[in-house]
There are 2 protein chains.
Amino acid sequence: MTGRIGHAPKGLSRIQERNRSRIIEGGLAEFSRFGYSGTTIEKIAVATGMSKSNLLYYFSSKAAIYEAVLAHILDVWLAPLRGLDPEKDPATELAAYIHQKIKMSAELPEASRLFANEVLQGAPRIQRVMEEDLKSLVDEKSEVIRHWIRAGKLEAIDPVQLIFTIWAMTQHYADFQTQIQILTGKTLDDPDFRQEAETTVTRLILRGCGLELKDGTGQGDAL
Amino acid sequence: MTGRIGHAPKGLSRIQERNRSRIIEGGLAEFSRFGYSGTTIEKIAVATGMSKSNLLYYFSSKAAIYEAVLAHILDVWLAPLRGLDPEKDPATELAAYIHQKIKMSAELPEASRLFANEVLQGAPRIQRVMEEDLKSLVDEKSEVIRHWIRAGKLEAIDPVQLIFTIWAMTQHYADFQTQIQILTGKTLDDPDFRQEAETTVTRLILRGCGLELKDGTGQGDAL
DNA sequence: TGAAGACTTGACCAAACGGTCAAGATGATA
DNA sequence: TATCATCTTGACCGTTTGGTCAAGTCTTCA
């Protein structure tokens, strides 16, 4: 009863750190599959190998787990866009951005699906984050794209529309994985399919902006 | 007790027809907003102005309502792709297809979100439909695209990837409406924004395929 | 070693939910 | 108007679910 945890970010014991991580991991798996309402604390407990009561020792409620999961993946999910560098040339940067986004869809499809689920339902729990952090990030990167356009490095195109279409195409591979697998038998786990997806998206975006990519494949992996 | 309804498609009374429609309509609104698990029969009842018991008079279970909703929108949702005509030229046809898909996302965003929700969760209830009807439709239309490519009317591109990217971009405006509204303050309800979206998507797709659109705007509305 | 906290759990509770049922209201038909 | 099938509803039931609690186990450290 004395061991109040609440939302203290400081002084997590080894056990707390480990168990909170496990819960967030299991929560991500369940929430991304079944949505918020379709997920029960009990199912997360089973997924993590812990008891339901113990989950509620570390998080005060189901909603608290959900929010922790969301917060945990938000930064990593937005990282690629943050990396868009106005000093480099747009073809390289856009191709790299698409590469990163495809990579995220391949390696963290659950994160993509969780966001999709959340936004689909009106983003009731991350509205504030979107209105503040995401909005300012998108505004900032829109300005980068406008900078390229003003510099004559890029054809005129609405920056926000450009960002939306990149999001749409890349995340589609994670969000609609089931459909894609049914129709093609493949997912982004298949290296050939993944390369084909990346090539297609890159081609559409770059050409749509009047750009050309020098090197056909094999972009660097570094952020 | 004698008035068995079950799944008899024949001989629906006027009242039955009206009430089943209302339930499907209300069900679409609720299921698309909150997902299957997040929707309660009671909420659908309130939305339709009927009692919970009465809903269960017309449909044997919540799952039955859900399936009726799904079935109801499936045909109309796939209609645009069915219209892809191999005899006409690809630029016109692809532009028309994108136009239709944007139109659907604008006018039936709930249908788009319902499908997105369903697929996101592994398509547990429409897997068969996708494996059979959708797969054969996509196969057929992929062949149309390949036909264009063989005839030299279209650059070489993977037909399935092309279809996926069109789906991704157009449906994104419905599925992520909340996000788009937060970031731009607009939705497809805004005529200017809708035109901008359609122009952007059309431009990316056509250029990506090495095509040009003669007429900039104002495509016909007819199917 | 032993005490004080941190950690874990099973039993339990109230609310919400899907679904049943019997009884009443309404509409069609003669 | 009388009759019967259709339609509608409130009361009710069993299950599931989020969350509480008291009691027990394990860690840590003097």
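As a basis for the values below, the full set of heavy atoms in this structure was taken, side chains included, without hydrogen atoms, waters or symmetry mates. Chain letters run A, B, ... following the sequence lines, proteins first, then strands; residues in each count from 1.
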### Task
Name the orientation class of the two ring planes belonging to A:His172 and A:Phe176 (parallel below 30°, tilted from 30 to 60°, perpendicular beyond 60°).
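Ring orientation, 0 to 90° scale: parallel.
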### Message
Can you tell me how the ring of A:Tyr36 sits relative to the ring of A:Phe31, calling it parallel under 30°, perpendicular over 60° and tilted otherwise?
### Response
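Because their plane-to-plane angle is under 30°, the rings of A:Tyr36 and A:Phe31 count as parallel.
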Would you please confirm or rule out a distance under 4.0 Å between OP1 or OP2 of [N] and any side-chain N or O of [X]?
X	N	answer
A:Asn19	C:dT8	yes
A:Asn54	C:dG10	no
B:Tyr57	D:dT8	no
B:Gln16	D:dT6	no
B:Arg14	C:dA28	yes

### Task
Can you see which heavy atom on A:Ile41 is nearest to which on A:Leu56, and at what distance?
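A:Ile41 and A:Leu56 have their closest heavy atoms at CD1-CD2, 4.0 Å.
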### Query
What pair of heavy atoms forms the shortest contact from B:Tyr58 to B:Arg20, and how long is it?
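So the minimum-distance heavy-atom pair works out to O-NH1, 3.3 Å.
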### Query
Between B:Arg33 and B:Glu30, is the closest basic N to carboxylate O distance under 4.0 Å?
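Salt bridge: no.
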#### Entry: Basic-acidic side-chain contact under 4.0 Å: B:Lys135, B:Asp139
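Yes, this pair counts.
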Counting only side-chain heavy atoms from C-beta out, which of [options] sits nearest to [X]?
X	options	value
A:Tyr58	D:dT9, D:dT8, C:dT8	C:dT8
B:Arg18	C:dT20, C:dT8, D:dT8	D:dT8
B:Ser53	D:dT8, D:dT9, D:dC21	D:dT9

Starting from [atom2] on [N], measure out to [atom1] on [X] and report it in whole angstrom.
X	N	atom1	atom2	answer
B:Arg22	D:dC7	CZ	C1'	12 Å
B:Arg20	D:dT6	CZ	C1'	15 Å
A:Ile15	D:dT25	CD1	P	17 Å
A:Leu55	C:dT9	CG	C1'	12 Å
B:Ile44	C:dG19	CD1	P	11 Å

### Query
Are the side chains of A:Ser142 and A:Arg146 in touch, meaning some heavy atoms are under 4.5 Å apart?
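When only atoms from C-beta onward are counted, A:Arg146 and A:Ser142 do touch, with a gap below 4.5 Å.
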Just the atom pairs and distances: protein N or O near nucleotides 12-18 of chain C's N or O, under 3.5 Å.
| unit_1 | atom_1 | unit_2 | atom_2 | d |
| --- | --- | --- | --- | --- |
| C:dG18 | OP1 | B:Thr39 | O | 3.3 |
| C:dG18 | OP1 | B:Lys62 | NZ | 3.0 |
| C:dG18 | OP2 | B:Ile41 | N | 3.1 |
| C:dG18 | N7 | B:Lys52 | NZ | 3.0 |

